[in-house]
Protein chains: 2
Amino acid sequence: MSKKDKATIHDIANKLGITASTVSRALNNHPRISARTKELVHEAAKEINYKPNSFAVALRNGRSRLIGIVIPTVNRNFFSSIVRGIEEYANERDYRVVITQSYDNYEKEKQTVNALIDAQVDGIMVSLGKTTTGLTHFKKAIDMGIPLVFFDRVAEELPVSQVVIDDFQASFLMTEHMIRQGYRRIAHFNSPMKINIFKERFRGYREALETYGLSVDPNLLIYSNLQLEDGRESVHTLLNKGISFDAIFSASDYSIVGAMQELKKNGIRIPEDVGLAGFGNEPFTEFTDPPLSTVDQVSIPMGQSVAKMFFELLENEGITLPIQKVVLTPKVIFRKSTQKTSP
Amino acid sequence: MSKKDKATIHDIANKLGITASTVSRALNNHPRISARTKELVHEAAKEINYKPNSFAVALRNGRSRLIGIVIPTVNRNFFSSIVRGIEEYANERDYRVVITQSYDNYEKEKQTVNALIDAQVDGIMVSLGKTTTGLTHFKKAIDMGIPLVFFDRVAEELPVSQVVIDDFQASFLMTEHMIRQGYRRIAHFNSPMKINIFKERFRGYREALETYGLSVDPNLLIYSNLQLEDGRESVHTLLNKGISFDAIFSASDYSIVGAMQELKKNGIRIPEDVGLAGFGNEPFTEFTDPPLSTVDQVSIPMGQSVAKMFFELLENEGITLPIQKVVLTPKVIFRKSTQKTSP
DNA sequence: CGATTAAATGCAATCGATTGCGCACAATTC
DNA sequence: GAATTGTGCGCAATCGATTGCATTTAATCG
């Protein structure tokens, strides 16, 4: 059984003394083919281990049964969970999934979207990169009629359905929790990027403060790329400038871990001297000492929701469905890093 | 520009008043086509934004320019780094990469390999799942002449080239380091699975002990699935049974973090009372308190090496190349968790 | 200058599956 | 029993690109 002698419908046809047309129709359960013939064809197909040539099918039908996913990186619990959910949903429907990573790089994202279009995927599901500014690569897909869905990091400007979590609410609740724990000067780490998630997280922080009669102190707002190293530096800056603070709420788990390291290095106790909270519920937030309060982005439900929305689009191609926006409720997780008052 | 009106070589042909054959040959730089015609064709192609239909090409040529990767999960720094390396290498050569995950599940691995074969990938690169026992799915690929390469978690029995790290050496050096730090009763967490990496890691541990006149105490060997929870339980078991130990070397970073949590809960100090070392250099090993000693599996060089080996196979299809085995040297990283003697 | 050879391109089949149209033959109707 | 309707299947074109085998035209030779 070498690569060459893959079984085709012609082999089945020869074996049974009928035509390839009939075999094709039998396999596709065409009503005009007799039950007897269908039976014979299916038997023969099993026997010689027939598998349709996906390229021939794709070429003929103009549909590839391939869907593309574009995410910043797979190496993030949140994204890999979502991908898993989508894959399961897709595989059940006999679609294959191509995962591509933008690495939060605008150029790479453009390339990768174009590559997917060239590869003639039947649809694309996207979570935007942090540095994405233009959207022409997505407009192109829309113009070509390729079904498109955004999740988590979305472009509000485009007429595209999306699934997000309520970042505002999560952020509000976490900030409120810290205030109730007695923290008063809560610093906030965020990204300078104008993506929805970061804007919303900031908004939640601000509204919580205002609700409790506190105000946003610009000195306590630090913008960075939110990586581990950035967290360290941000704390360093705060300490250096002598800006007093008794808590930090970061829009990312990574930078809050960096912050934790830097604080410990300076002999500052957590949560007694400074409370810490992150965002994302990365697995390692449970491993730190003390464990970190954070926000779980409900990746599993999000994966299911995105997949469902996407396949609705796919199955109703041509028909213009109304733009949907699904907002999921995240889970705010309070751990020891924000327990100023002992329970 | 809808999905339908994608440019084809016929469009170019019409535009120039020549045949599709000529266009095809011009694009493929056939020697019998005049320089002038080639130029015209390339211009026209650019102008109408021609992109070859990959399905038509694949159907005609019998080669898909698709390669499959099978790994346990993308959500592991090690694997995602390797994938990234492979992708870069492949994309430069105009190949696309399909990532599939076995989730360490034998059944899923078989399915996924068969799906790749059915999808007519031009080759497959594999890191085995933990629970993989049979190898028929790979034999099938070999029989069909599909280029195959293993990395990290490999099947020694198959006549297939592979890239691994020297797990034995890394394990030996880490154990030796712990002994030199003064630890004497070093427990070892490992997997009951018979994959190369686990066998080698145990061998390194054992030989190091023996080299230093110590012997392996069966009470100190604990087998599990090596997840976080397993690490907790394993420590619990040791403490419960009253087995004395002053260090743990685990074949996985995850279980050693679990161990750390359980030890701390019992007021046991690290590294003073018990030294800890893991394996894998997951990013979070740097975040724990104290940071964990571990082994870096040099994922970047491994990705490059695998890709290189693989494309050699691919480019010499038909020709039987000798089976290669590349062994890379891992980096042993000593952090605070094993620093019994203060520096 | 007619004949030979080389250069440039066209024709038509092919890869494997799908599908509109048409042709037999059987079943049904009046 | 002739006419109508159905049933089951085959013919041939098609999707887009490639390629062996002509064929045409230009260049070279004796």
Side-chain angles (χ1 to χ4, degrees), chain A residues 2-42 44-45 48-66 94 117-122 144, chain B residues 2-42 44-45 48-66 94 117-122 144:
Chain A
S2 107
K3 238 194 224 176
K4 299 286 124 185
D5 33 273
K6 274 206 55 174
T8 73
I9 51 171
H10 293 96
D11 298 331
I12 301 180
N14 288 335
K15 206 171 147 74
L16 299 178
I18 56 178
T19 341
S21 328
T22 306
V23 175
S24 172
R25 284 193 254 255
L27 291 172
N28 290 308
N29 201 27
H30 188 109
R32 299 289 280 274
I33 299 295
S34 72
R36 174 93 189 105
T37 303
K38 285 182 185 171
E39 204 181 316
L40 286 172
V41 167
H42 278 106
I48 64 176
N49 189 34
Y50 168 77
K51 296 280 167 57
N53 182 318
S54 50
F55 302 118
V57 176
L59 176 58
R60 171 66 218 216
N61 294 344
R63 329 178 81 261
S64 61
R65 300 194 82 79
L66 265 183
D94 249 305
I117 294 176
D118 291 344
Q120 296 168 77
V121 293
D122 288 342
M144 295 179 70
Chain B
S2 108
K3 238 195 222 175
K4 300 283 124 186
D5 35 272
K6 274 206 52 171
T8 72
I9 51 172
H10 293 96
D11 298 330
I12 301 180
N14 289 335
K15 206 169 148 68
L16 298 178
I18 56 177
T19 339
S21 332
T22 305
V23 175
S24 171
R25 284 193 255 255
L27 291 171
N28 290 305
N29 201 27
H30 188 106
R32 297 289 281 271
I33 301 294
S34 71
R36 175 90 190 110
T37 303
K38 286 182 186 169
E39 206 181 314
L40 286 172
V41 167
H42 279 106
I48 65 178
N49 190 32
Y50 167 78
K51 295 282 166 58
N53 182 317
S54 51
F55 301 118
V57 177
L59 176 58
R60 170 69 218 221
N61 293 344
R63 326 179 83 260
S64 61
R65 300 195 83 82
L66 265 184
D94 250 304
I117 294 176
D118 290 345
Q120 297 169 79
V121 293
D122 288 342
M144 294 180 70

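Just so it is clear: chains get the letters A, B, ... in the order the sequence lines come, proteins before strands, and each one is counted from 1.
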Throw together a table of side-chain donor-acceptor distances under 3.5 angstrom for residues 32-39 of chain B, partners on residues two or more places apart or in other chains.
residue, atom, partner, partner atom, Å
B:Ser34, OG, B:Thr37, N, 3.2
B:Ser34, OG, B:Thr37, OG1, 2.8
B:Lys38, NZ, B:Asn29, OD1, 3.0
B:Lys38, NZ, B:His30, O, 2.9

Enter the distance from A:Asn14:CG to A:Ile48:CD1 here, rounded to the nearest 0.5 Å.
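It comes to 9.5 Å.
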Point-to-point distance, once rounded to the nearest 0.5 Å, from CG of B:Asp122 to CZ of B:Arg63:
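Rounded to the nearest 0.5 Å, the CG-CZ separation comes out at 5.0 Å.
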Nucleotide by nucleotide, 5' to 3', does protein get under 4.0 Å of the base (B), only the sugar-phosphate (S), or neither (-) in nucleotides 17-26 of chain C, counting heavy atoms?
BBBB------
Estimate the overall bend of the helix from C:dC1-D:dG30 to C:dC30-D:dG1 from the end axes over five pairs each, rounded to 10 degrees.
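Axis angle across the helix from C:dC1-D:dG30 to C:dC30-D:dG1, nearest 10°: 60°.
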Roughly, in whole Å, what's the span from [atom1] in [X] to [atom2] in [N]?
{"X": "B:His30", "N": "C:dA8", "atom1": "NE2", "atom2": "C1'", "value": "10 Å"}
{"X": "B:Asn29", "N": "C:dT9", "atom1": "CG", "atom2": "P", "value": "13 Å"}
{"X": "A:Leu40", "N": "D:dC9", "atom1": "CG", "atom2": "C1'", "value": "14 Å"}
{"X": "B:Ile12", "N": "D:dG16", "atom1": "CD1", "atom2": "P", "value": "13 Å"}

How would you list, by chain and number, every residue that makes a side chain to side chain contact (heavy atoms under 4.5 Å, CB included) with A:Ala56, sequence neighbours excluded?
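With neighbours one apart ignored, the set is A:Asn53, B:Leu59.
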Any salt bridge (Lys or Arg N to Asp or Glu O under 4.0 Å) pairs touching residues 14-31 of chain B, not counting sequence neighbours?
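Matches after skipping sequence neighbours: B:Lys15-B:Glu47.
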Main chain of [Y], side chain of [X]: is a donor-acceptor contact present, judged purely on distance under 3.5 Å?
{"X": "A:Thr19", "Y": "A:Ser21", "value": "no"}
{"X": "A:Arg65", "Y": "A:Asp94", "value": "yes"}
{"X": "A:Asp11", "Y": "A:Thr8", "value": "yes"}

Can you give me the closest heavy-atom contact between B:Lys6 and B:Lys51, atom names plus distance?
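So the two residues come closest at NZ-O, 3.9 Å.
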Need to verify one output field. Residue with the more 5' nearest nucleotide on DNA chain C, B:Thr37 or B:Leu59?
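The 5'-side residue here is B:Thr37.
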Nucleotide N/O to protein N/O under 3.5 Å, stretch nucleotides 25-27 of chain D:
none

Using the rule given for side-chain contact (heavy atoms from CB on, under 4.5 Å), can you reason through A:Leu40 versus A:Ile18, listing the C-alpha separation, both sets of side-chain angles and the distance that settles it, and then say yes or no?
CA-CA 11 Å; A:Leu40 286 172; A:Ile18 56 178; over 6 Å; no
Mind running side-chain contact (heavy atoms from CB on, under 4.5 Å) on A:Thr22 and A:Leu16 for me, showing each step along the way?
CA-CA 10 Å; A:Thr22 306; A:Leu16 299 178; over 6 Å; no
